[in-house]
Amino acid sequence: MTDASGPIEPLGRQGQPVLDRPAFERLSVAHRRALKLHCYRMMGSLNEADDLVQETFLKAWRARSQFDGRGSARGWLYAIATKSCLNAIKARSSARRILEQPGRPPSEGGATGGPTAELAWLDPYPDAELPDIADDGPGPEARYEAREAVRLAFVAAIQLLPPRQRAALLLCDVLGWSAIETAQLLGGTTASINSALQRARATLGERQGRPPQALRPGPDEGLLLERYMGAWQTDNLDGLVELLREDAIYHMPPWREWYRGRPEIGAFLASVWGNFAGYRAVAVGANAQPAVGVYALGRQDSIWRPHSLHVIGAADGKIASLTIYVPPLGPALFEAFGLPPEPLALRG
């Protein structure tokens with residue numbers, strides 16, 4: 001038998017496990033990033049994804065004698081990871097992480113509520129941690145392209161699903177498992193899995209629909225990113241607002257407020273734009289989308305500090321969605337995205 005990690009020998013003499021240490025290490029290297037992404041989709045959290053992929057490999061190593069080499073090592077690992085995620089969701093206070101508080105209408109005017117620590121906010125995902133999307137081919141029954149299933153809006157939408165529906169949709173519609181395989185993992189009948197999928201798809205369709213833009217990045221996306229960064233660095237608020245679509249949506253975790261429409265977003269940004277003496281923007285990548293780390297120069301102490309992480313949803317050469325992770329959440333994400341603590345460290 002062969003697997004993505006290389007050849008795996010059948011059960012050896014004297015009943016030795018199929019996965020000896022070298023074979024297991026190859027398996028870990030081959031599947032770590034894909035499993036971390038799966039855990040992130042389930043949990044909506046970078047830290048929890050890191051912990052759960054570690055837990056997955058620890059459990060797999062301890063249970064390696066149960067793997068006989070006749071099935072897929074990849075499927076075996078995904079089964080362990082999914083069960084670990086479901087158990088972790090049961091143990092925490094909130095079953096989902098959010099970009100937008102359910103039932104809260106879009107805001108008007110300035111934001112006054114302040115950061116909200118009691119809500120669990122959805123993390124962005126560094127592109128540097130993504131598996132090779134082009135090579136991460138899903139099974140034949142998958143309904144979502146790999147790139148679509150990474151996007152921040154998709155991950156936010158599936159957080160609204162009950163955990164079992166979330167797992168069923170990810171296994172079937174993202175990874176391409178059959179309903180039979182998914183039922184064997186999650187328990188229940190094939191009919192119950194199909195029913196869970198129908199409900200999950202309906203919820204997702206109401207919440208998200210399909211993205212209006214092409215899934216592959218085009219030349220307009222790079223130009224849009226350059227113009228966006230330039231607007232911050234040249235103190236050009238009007239130029240930034242001009243990049244927004246008329247129906248753009250703006251979120252700013254960990255604040256409850258969110259805005260819909262170019263005029264409303266522009267008015268809010270105008271109310272906070274002058275809080276700092278200047279900005280510097282650094283391009284990164286998040287959820288297979290353009291993203292920017294922004295540093296701000298303090299007016300009182302003239303010190304550059306990490307300020308916010310921006311994830312851009314592009315459509316037709318404009319910004320359709322803008323999610324800006326502001327303090328204290330934004331600066332806390334810089335290390336995960338490989339951004340230094342101050343912008344001058346980027347020179348050289």
Side-chain angles (χ1 to χ4, degrees), residues 35-53 55-56 78 81-106 113 115-126 129 143-144 148-175 182 185-187 193 195-209 211 249-258 286-287 289 309 311 313 321 323-326 328-330 332-333 336:
L35 286 168
K36 180 178 175 180
L37 178 58
H38 178 63
C39 292
Y40 163 73
R41 286 174 174 136
M42 283 290 298
M43 310 300 294
S45 164
L46 283 174
N47 289 335
E48 288 179 317
D50 275 323
D51 291 343
L52 284 163
V53 77
E55 180 180 324
T56 294
Y78 269 102
T82 303
K83 290 178 181 177
S84 296
C85 288
L86 290 171
N87 289 335
I89 291 171
K90 288 181 181 178
R92 71 187 190 182
S93 58
S94 174
R96 62 190 180 191
R97 287 177 170 261
I98 61 171
L99 283 183
E100 177 184 313
Q101 190 174 5
R104 185 180 181 90
T116 307
E118 66 267 22
L119 295 177
W121 298 99
L122 175 67
D123 287 337
Y125 198 85
E129 291 293 317
R143 295 164 63 98
Y144 289 92
E148 180 182 356
V150 172
R151 291 178 179 265
L152 194 62
F154 176 85
V155 180
I158 64 173
Q159 296 299 304
L160 300 176
L161 302 174
R164 180 180 172 85
Q165 288 185 28
R166 194 184 313 169
L169 184 129
L170 287 174
L171 292 170
C172 294
D173 288 359
V174 173
L175 299 179
T182 302
L185 168 60
L186 297 180
I193 294 298
S195 177
L197 281 172
Q198 289 177 356
R199 295 193 299 273
R201 290 166 183 165
T203 300
L204 219 58
E206 293 172 1
R207 171 69 181 181
Q208 185 197 25
I249 292 177
Y250 172 86
H251 296 105
M252 51 178 186
W255 291 63
R256 297 175 189 265
E257 287 86 354
W258 66 282
N287 298 81
Q289 299 171 228
L309 190 87
V311 184
S321 66
T323 303
I324 299 184
Y325 291 85
V326 298
L329 187 52
L333 291 165

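- For Asn287, the side-chain hydrogen bond (donor to acceptor under 3.5 Å, both in side chains) partners are Tyr40, not counting sequence neighbours.
- Contact detail for Ser84 and Leu52: the closest heavy-atom pair is O-CD2, 3.7 Å.
- Using a 4.5 Å heavy-atom cutoff, the side chains of Gln159 and Ile98 are not in contact.
- Closest approach of Val155 to Val150, counting heavy atoms only: CG2-O, 3.8 Å.
- Side-chain contact between Arg96 and Pro102 is present, with at least one heavy-atom pair separated by less than 4.5 Å.
- Annotation: the span from Met252 atom CE to Thr323 atom OG1 amounts to 11.5 Å, rounded to 0.5 Å.
- For Trp121 against Pro253, the heavy-atom pair with the smallest separation is CE3-CB, 3.8 Å.
- Smallest separation of non-hydrogen atoms from Ala167 and Met42: CA-SD, 3.8 Å.
- Between Leu86 and Leu186 the shortest side-chain heavy-atom distance falls below 4.5 Å.
- Taking CG of Leu171 as the start and CD1 of Ile193 as the end, the distance is 8.5 Å to the nearest 0.5 Å.
- Using a distance-only test at 3.5 Å, with no hydrogens or angles considered, no donor-acceptor pair links the side chain of Glu257 to the main chain of His251.
- The CG atom of Leu204 sits 6.0 Å away from the CG atom of Leu161 when rounded to the nearest 0.5 Å.
- Pro126 has its side chain within reach of Leu46: a pair of non-hydrogen atoms, C-beta onward, lies under 4.5 Å apart.
- Considering CG of Leu175 and CZ of Arg41, their distance stands at 7.0 Å, rounded to 0.5 Å.
- Nearest heavy-atom pair, Gly187 versus Arg164, reported as atom, atom and distance to 0.1 Å: O-NH2, 2.6 Å.
- Annotation: salt bridge (charged side-chain N to carboxylate O under 4.0 Å, His left out) contacts of Asp50 (sequence neighbours excluded): Lys36.
- Distance OG1/Thr203 to CD1/Ile158: 12.5 Å, rounded to 0.5 Å.
- When all heavy atoms are compared, the tightest approach of Leu197 to Ala168 is CD2-O, 3.5 Å.
- Applying the salt bridge (charged side-chain N to carboxylate O under 4.0 Å, His left out) criterion to Arg92, with sequence neighbours excluded, gives Glu48.
- A donor-acceptor contact shorter than 3.5 Å is absent between the side chain of Trp258 and the backbone of Leu99.
- Atoms OH and CG, on Tyr144 and Leu170 in that order, are 10.0 Å from each other to the nearest 0.5 Å.
- Residues passing the side-chain hydrogen bond (donor to acceptor under 3.5 Å, both in side chains) test with Ser195, sequence neighbours excluded: Arg199.
- The side chain to side chain contact (heavy atoms under 4.5 Å, CB included) test applied to Ala95 returns Ile89, Pro163, not counting sequence neighbours.
- Take Arg256 and apply the salt bridge (charged side-chain N to carboxylate O under 4.0 Å, His left out) test, not counting sequence neighbours, and it matches Glu118.
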